[in-house]
2 protein chains.
Amino acid sequence: MSSKAYHHGELRQALLEHAMRLLDTEGETALGVRRLARELGVAHSAPANHFPRKSDLLTAVAVRCFEDLEKSFESGSGKSGQQRLRKIADGLYGYAFRFPQRYRFMFRPEGLRNPDPLLRGIMERLYAELGAALSMSLKGRQPDPERTFAVDSYAISLWSMLHGYILMRLDGNFEAGRDELAGLDREQAILELWLTTCD
Amino acid sequence: MSSKAYHHGELRQALLEHAMRLLDTEGETALGVRRLARELGVAHSAPANHFPRKSDLLTAVAVRCFEDLEKSFESGSGKSGQQRLRKIADGLYGYAFRFPQRYRFMFRPEGLRNPDPLLRGIMERLYAELGAALSMSLKGRQPDPERTFAVDSYAISLWSMLHGYILMRLDGNFEAGRDELAGLDREQAILELWLTTCD
DNA sequence: AGCTAATATGGACACTGTCCATATTGGGTG
DNA sequence: CACCCAATATGGACAGTGTCCATATTAGCT
């Protein structure tokens with residue numbers, strides 16, 4: 001506590017907050033232990049107390065990102081299956097295009113603590129949410145024996161398409177555009193096109 | 001020329017080849033200018049003659065990767081639209097799972113020379129190939145005015161799904177699996193599921 | 001043969017992450 | 001209250017990195 005913040009105090013918090021700031025403004029390459037310390041006015045070795053290795057810091061940042069992302073999905077309950085799916089997709093699109101650097105960072109476990117239980121937990125919760133909306137949407141349609149797929153395949157297909165499109169956009173391989181035939185932005189168009197498989 | 005290879009000679013080639021080797025075996029993080037030089041037995045500063053900045057080296061490696069990838073698509077001409085699409089998907093799947101490190105590297109222009117014309121050219125050729133197979137596959141089906149999308153949306157949707165699925169697999173977010181209902185590996189299942197939108 | 005331009009060398013600088021011994025401090029116990 | 005211990009912060013060290021520089025070597029062309 002006391003006036004002068006982190007000569008002693010909440011350095012861990014300060015590190016994470018400033019890391020998020022840097023991630024958003026300059027991207028992952030700006031996340032250096034020494035730089036963080038320098039810009040917070042502490043010794044270059046101070047962060048090591050809270051995060052022994054750089055990967056620990058990065059993992060903690062990624063966890064924060066995922067927690068933030070999860071809030072974008074606030075309970076689409078009550079709606080129809082397709083409405084919930086649209087809400088999930090919009091949540092993902094919105095987050096990715098508002099915080100591009102975060103999105104690129106959090107899904108790329110390069111320098112992250114390998115299979116972090118926290119991260120896997122959040123991923124599985126997101127996946128479960130998607131699966132719930134999907135099976136609601138698939139329920140009660142006429143079965144076509146030649147084209148029957150497990151719900152998991154639907155979920156993975158949709159998840160993959162959204163993720164792939166976002167990354168291609170963020171990496172500059174696709175450009176923003178419209179589907180004039182459907183009268184929709186491209187990201188909405190490919191979602192509606194995909195929803196076609198559900199009925 | 002002469003016996004002792006690259007004291008003078010084809011250093012550029014040697015750099016690229018060894019970089020590819022390292023990329024495949026240890027991943028992108030192993031691609032360091034000094035390390036390359038050291039393991040080729042030249043001075044740490046020798047590569048700078050051929051690649052002034054590290055990004056130039058990385059870009060050249062990425063170009064090689066894309067050229068290799070393009071060979072996987074050897075002319076699926078003559079087949080039907082869907083057959084060509086399956087061939088393209090299999091080519092991408094095969095390359096990605098045979099050379100995971102390459103795939104992750106080449107599509108992530110982090111330290112690459114930003115909008116490299118060579119890379120963009122190859123990307124556009126791949127995209128054109130996909131578009132050709134797709135419009136062949138879409139031609140002559142009954143039009144449904146409520147569900148009409150531009151060919152570009154189809155192409156981007158498929159491209160995105162394949163790319164997204166591959167990355168999720170490579171990053172450990174998805175695991176390999178089967179769709180027991182369809183009796184297919186997951187990557188084949190989501191492809192067949194997607195092809196559903198074409199008819 | 002000689003010269004120029006291409007290429008290789010080794011030193012320097014400013015970074016980085018990680019380890020270490022040392023100092024300071026705060027909170028709980030006697 | 002005094003004390004001690006564990007948590008935390010410090011600064012130095014080491015090996016590694018990319019980039020720039022002045023210097024040396026060499027290859028190919030006139």
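A note on names: the letters A, B, ... follow the listed sequences, proteins ahead of strands, and every chain is numbered from 1.
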Where protein sits on nucleotides 14-23 of chain D, one letter per nucleotide: B base, S sugar-phosphate only, - none, heavy atoms under 4.0 Å: ---BBBBB--
Contacting residues from residues 21-29 of chain A, given that a heavy atom lies under 4.0 angstrom of DNA chain C: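 Close to the strand, none.
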- prompt: For R125(B), what residues pass the salt bridge (Lys or Arg N to Asp or Glu O under 4.0 Å) criterion, not counting sequence neighbours?
  reply: E70(B)
Pairs where residues 26-72 of chain A contributes a residue and the test ring-ring contact (aromatic ring centres under 6.0 Å, His included) is met, not counting sequence neighbours: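 For residues 26-72 of chain A: F66(A)-F107(A).
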Pair D68(B) + K71(B), salt bridge at N-O below 4.0 Å: yes
- prompt: Is R108(B) salt-bridged to D171(A), cutoff N-O under 4.0 Å?
  reply: no
field: Inter- and intrachain pairs under side-chain hydrogen bond (donor to acceptor under 3.5 Å, both in side chains), touching residues 175-184 of chain B, at least two apart
entry: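 Residue pairs with at least one partner in residues 175-184 of chain B: S153(A)-D179(B), R178(B)-D185(B).
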Grab the [atom1]-[atom2] distance between [X] and [N] for me, whole Å please.
{"X": "E10(B)", "N": "dA27(D)", "atom1": "CD", "atom2": "P", "result": "12 Å"}
{"X": "L11(A)", "N": "dT25(C)", "atom1": "CG", "atom2": "P", "result": "16 Å"}
{"X": "N49(A)", "N": "dA23(C)", "atom1": "CG", "atom2": "P", "result": "17 Å"}
{"X": "L15(A)", "N": "dA9(D)", "atom1": "CG", "atom2": "C1'", "result": "12 Å"}
{"X": "L40(B)", "N": "dT9(C)", "atom1": "CG", "atom2": "C1'", "result": "16 Å"}

task: Take F99(A) and Y103(A) through the ring-ring contact (aromatic ring centres under 6.0 Å, His included) test and state the conclusion after the steps.
output: CA-CA 6 Å; F99(A) 307 110; Y103(A) 192 91; over 10 Å; no
query: Checking R169(A) against F97(A): charged group under 6.0 Å from the ring centre and within 45 degrees of the axis?
result: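 Yes.
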Donor-acceptor list for residues 11-20 of chain B side chains, cut-off 3.5 Å, not counting sequence neighbours:
| unit_1 | atom_1 | unit_2 | atom_2 | d |
| --- | --- | --- | --- | --- |
| Q13(B) | OE1 | R64(B) | NH2 | 3.0 |
| H18(B) | NE2 | E39(B) | OE1 | 3.3 |

